[in-house]
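These figures come from a predicted structure and were not determined experimentally.
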Amino acid sequence: MDERITSGDVGLDLILGGGLPVNGINLVMGLPGSGKTLLCQQFMFAGATQGRPALYLSTVSEPFEKILRYAQTLSFFDNHAIGRSIYYEDLGRIVAGEGGLAGVTERIASLIKEHRPGIIAIDSFKALAAFAEDPRGFRRFLHDLAALLTAFPATNFWIGEYGQDEARSAPEFAVADGIISLATERANERTLRLIQVTKLRGSDFRSGRHTYRLSGDGIKVFPRLADHLREDEYRLSAERISTGIAPLDRMLAEGYGPGSSTLVAGPSGAGKTLMGLHFIFSGATHGEPGVIASLQENPVQLEKVAGGFGWSLEDEGVTVMYRSPNDVYIDEWVYDLLDVVEATGATRVMIDSLSDLQYATPDPVRFREFIYSLTQRLSRAGISPIMTSEIPDLFEVGRLAEYGISHLSDNVILLQYLRASSRLLRTVTVLKSRASAHDPEVREFDITPGGIVLGDPVARSYA
C-alpha cells in the first residue's frame, strides 16, 4: 500500500510512514480539547481535490454550525474550496429523528454517489452508539457501514471522545485499519500534548508517543528523537579542538576530539556557563561557528555576561537560540536546534542547561534516550556539543548527573568548591576523556575579566 495522503504537517506524515495510507478506516480518539476535529479538518484541506473531494459529516456531539464556524478561524481554511472540494453535512437530524442509524447509512451512501469523495470524516462517531437499541444493533450498523465504506475507495476518519479503556472493548476499534490517539499528560507544572499511532494496518509507522502543539495553523507534531543504540556508529577524529582555555586543553591532551560531547557539571555559580562560552567564542575566533542554546539566561542577560569578559553575541560566528524553560517540549526544542545548526553551519553547540531539559522530561528512560540520540546526531555530523548540568552539592560531590548522562558524554569536567581556611576555592577536574589520556588532578581556577584562569594543582590538605 504505497499511496498515501498528507496531513499537511511534515512531522505527522513522518510518524505515519510518509502520510496516511489511502482507503482505510481510521479511528481518531481523544478527550475533549485534544484536537481531534482540527486534525481531521487539516487532513481534509490538505488532501481534497475537486476530483476527489472531502465530506465532513457532523452527528450530535457538536452543533454543525459550531464546527463550521471554528473551521473558518484556521489558516488553512479555504472559502473557495467549500462546495467544490470540501462538503459539510449535518447528520444530527437524521440520527436523532426517525431515520436512526439505518438512515445514517442510507444518507452516507447517497452522499458518496453524489460527490464521489476521497476523504470522509464522521464527527462524532462515538455519539452514534447512543442511538442503537442495543449493542447488537450497533454492531449491525458497524458492519453495514464498514461494508459500504470498504467497497468505495475513500479514506475515512471516525472521530470520538474515547478513553483508553474503551479502546480495548469498543467494537469500532476492531473494525478500524488505523488508530490515532491524542492525549494530554501532566509533567511537573506543565501539560504536554501527546500523539500516538497504535495501529496502521498494512503499513509501518513510528512507535511511541510524540509531542504536538495546536494553533490557528493546525496541528504540528514533533517526532520523538530516538536513534538506535549502536555503539559501532561512534567514531571520533584523532584531531583536537581547543576548549578556549589553554591550560584545560593540556589537561585534556590538547583539547576535545571533533564531534565529541562534553558534560560540564557543577554547583550554582561555579563557572559552567562561562566554560561553555569560552568554547563557543574560541571556535568563532578560529572560523568554527557555534550555537548557544540557552534555557537559563535570555539574550539580554547572556549579552551582559559575555560582555563582562570582552565578548559579544553580535560577534561573527555566534548564534543564540533562547527558549523559556517554562514551556519546553524537548522534541520541539531539539528540531529547532538542529535547524539552527544546519542554517548556520555550526560545528560547536553549547546547551545550557541539561537540568532545564530534564525538568521538562520527568521520564528518566525518555530523557536518557533523548540525550543519547542528540549527541549521536551531532557526533555523526562532526559537531561538538558542550552541555552544562547543575548539581546540588557544593562540596564533596556525590553524583554528577541523573539518568546516566555522564556515561553518554565523551568528556566529563567537574567544577566544584573546596574550603580553604577562610575562603572558597573554585576547582576543576577532568574526570573522563573518552579514547584519550587526560590529567585527573584537581586544579584551582579563578574567574577574571579575561575569563577562566587555571592555577596549580590543589594541595592535598584541601582536596
Side-chain angles (χ1 to χ4, degrees), residues 240-252 254-256 262-322 346-353 355-356 384-391 394-395 397 411-430 439 441-459 462-463:
R240 311 299 286 182
I241 59 176
S242 176
T243 65
I245 306 170
L248 183 58
D249 286 348
R250 291 192 289 272
M251 293 176 70
L252 285 157
E254 302 310 316
Y256 304 131
T262 301
L263 175 68
V264 180
S268 177
K272 302 182 296 298
T273 297
L274 180 56
M275 185 164 285
L277 292 176
H278 269 287
F279 181 62
I280 293 296
F281 282 96
S282 173
T285 300
H286 293 87
E288 298 179 29
V291 173
I292 302 171
S294 175
L295 296 113
Q296 293 274 311
E297 287 89 358
N298 62 42
V300 174
Q301 295 169 320
L302 197 58
E303 176 65 40
K304 184 176 180 180
V305 172
F309 300 98
W311 300 313
S312 172
L313 301 183
E314 300 297 324
D315 289 355
E316 184 177 355
V318 177
T319 302
V320 177
M321 187 190 91
Y322 171 72
T347 57
R348 301 188 181 200
V349 172
M350 171 185 169
I351 300 173
D352 191 24
S353 72
S355 305
D356 293 299
S384 308
I386 186 167
M387 307 170 289
T388 69
S389 178
E390 184 161 328
I391 53 180
L394 290 178
F395 310 100
V397 174
N411 310 299
V412 178
I413 298 175
L414 173 64
L415 307 182
Q416 58 184 327
Y417 296 109
L418 289 180
R419 296 183 179 91
S421 301
S422 61
R423 67 189 185 97
L424 292 179
L425 301 180
R426 284 189 174 94
T427 66
V428 58
T429 311
V430 177
D439 179 356
E441 288 192 292
V442 180
R443 289 182 176 268
E444 182 181 356
F445 73 89
D446 290 320
I447 296 177
T448 72
I452 291 176
V453 177
L454 265 64
D456 296 327
V458 174
Y462 295 140

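For the atom pair NE2 of His278 and CD1 of Ile245, the computed distance is 4.5 Å after rounding to the nearest 0.5 Å. Expressed to the nearest 0.5 Å, how far OH of Tyr417 lies from OG1 of Thr427 amounts to 10.0 Å. Atom CD of Gln416 and atom CG of Leu425 lie 10.5 Å apart (nearest 0.5 Å). From Thr273, atom OG1 reaches atom CD of Gln301 across 11.0 Å, with rounding to the nearest 0.5 Å. Distance CG/Asn411 to CD1/Ile386: 8.5 Å, rounded to 0.5 Å.
Panel note: side chain His286, backbone Ser282; a donor-acceptor pair is recorded below 3.5 Å. In this structure, Arg348 contributes its side chain and Phe279 its backbone to a donor-acceptor pair below 3.5 Å.
Of all heavy-atom pairs spanning Pro289 and Gly287, the tightest one is CD-O, 3.4 Å. Across every non-hydrogen atom of Ser389 and Leu263, the tightest pair is CB-CD1, 3.8 Å. For the pair Leu302 and Ser294, the tightest heavy-atom approach, listed with the atom from each and the gap, is CD2-CB, 4.5 Å. Between Lys272 and Val264, the closest heavy-atom pair is CD-O, 3.8 Å. Taking both residues in full, the closest heavy atoms of Ala270 and Ile447 are given as O-CD1, 4.4 Å, listed atom of the first, atom of the second, then distance.
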Let me have the donor-acceptor pairs involving side chains of residues 310-322, under 3.5 Å, with sequence neighbours excluded, atom names and distances please.
unit_1: Ser312; atom_1: OG; unit_2: Glu303; atom_2: OE2; d: 3.4
unit_1: Ser312; atom_1: OG; unit_2: Glu314; atom_2: N; d: 3.1
unit_1: Asp315; atom_1: OD2; unit_2: Ser312; atom_2: N; d: 3.4

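Aromatic rings of Phe309 and Phe281 (six-membered ring for Trp) have centroids beyond the 6.0 Å cut-off, not under it.
Between Met275 and Leu248 the shortest side-chain heavy-atom distance falls below 4.5 Å. Side-chain contact between Leu274 and Ile452 is present, with heavy atoms from C-beta onward closer than 4.5 Å. Side-chain atoms of Arg240 and Tyr256, non-hydrogen and from C-beta on, never get closer than 4.5 Å to each other. Leu414 places none of its side-chain heavy atoms less than 4.5 Å from the side chain of Val442. Contact of the Met387 side chain with the Thr262 side chain is not registered, since no non-hydrogen atoms from C-beta on lie closer than 4.5 Å. Residues Met251 and Leu454 are in side-chain contact: their nearest non-hydrogen atoms beyond the backbone lie under 4.5 Å apart.
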Criterion side chain to side chain contact (heavy atoms under 4.5 Å, CB included) on Gln296 and Asp356, from CA distance to verdict: CA-CA 8 Å; Gln296 293 274 311; Asp356 293 299; 2.5 Å; yes
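Listed by first and then second residue, the salt bridge (charged side-chain N to carboxylate O under 4.0 Å, His left out) pairs that reach into residues 442-451 are Arg423-Glu444, Asp439-Arg443, Glu441-Arg443, sequence neighbours excluded.
Under 3.5 Å, the side chains of Thr243 and Asp249 contain a donor-acceptor pair of N or O atoms.
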